[in-house]
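Some notes on the structure that comes next.
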Amino acid sequence: MNEHSVSNPYCSRTDTTKLDLPDSVWKKVLSPEVYEVARKAGTERAFTGKLWDFEGIGTYYCAACGNALFRSDAKFASTCGWPSFFETVRPASVEYRADMAFGMSRTEVLCGRCGAHLGHVFDDGSPPTGKRFCMNSIVLDFEPDTAAGQ
Ligand code: FE
């Protein structure tokens, strides 16, 4: 848990049951910064997030609901200024939606459990998948591996 999820009763690292909560609930349980990206599809400015050049060993979870999204070994150094991954933990970790906003044709990436906006996925990524999951740091909670586990 981090500072963004301590008062969020819907956050769970183990429960993968889908959440379908109204916007008013999210507004209450998320910090304003997480809410702006997760529920309003905001984008943090490049090179400003906490994780774009972070290299810790562990797991990245959805900051809105705790759903496991990425492992650190799927993260790669990207020059785009946002944390970038070539694959998700599970296929169902995320969902996809066509995004035609701003005159671009992009694929939006949403949390597979709570529907939070996470970022976009592009085809100019890293082997072995060639994908670049371009994520917003603020909607990711990083949990380092413990010495004993994983
Ligand atoms: Fe989520």
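Counting convention: from 1, in listed order, for ligands and their atoms alike.
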- prompt: Excluding sequence neighbours, so at least two apart, what forms salt bridge (charged side-chain N to carboxylate O under 4.0 Å, His left out) with Lys28?
  reply: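 Salt bridge (charged side-chain N to carboxylate O under 4.0 Å, His left out) list for Lys28, sorted by chain: empty.
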statement: Protein-side N, O or S atoms sitting under 2.8 Å from the Fe ion (ligand 1) are Cys62 SG, Cys65 SG, Cys111 SG, Cys114 SG
message: Going by side-chain hydrogen bond (donor to acceptor under 3.5 Å, both in side chains), name the residues that satisfy it together with Asp99, two or more places apart in sequence or in a different chain.
response: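 Here the qualifying residues are His120.
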List, one per line, each side-chain donor-acceptor pair under 3.5 Å for residues 74-84, sequence neighbours excluded.
residue : atom : partner : partner atom : Å
Lys75   : NZ   : Leu51   : O            : 3.0
Lys75   : NZ   : Trp52   : O            : 3.3
Lys75   : NZ   : Phe54   : O            : 3.0
Ser78   : OG   : Cys80   : N            : 3.2
Ser78   : OG   : Ser84   : OG           : 3.4
Trp82   : NE1  : Glu44   : O            : 2.8
Ser84   : OG   : Trp82   : O            : 3.0

- prompt: Would a distance-only check, ignoring hydrogens and angles, find a side-chain to backbone donor-acceptor pair under 3.5 Å from Ser93 to Ala68?
  reply: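 Judged by distance alone, yes, a pair lies under 3.5 Å.
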field: Face-on cation placement of Arg13 at Tyr61 ring, 6.0 Å and 45° thresholds
entry: yes
- request: For Val29 and Tyr10, work out which heavy atoms get closest and say how close.
  value: CG1-CE1, 4.2 Å
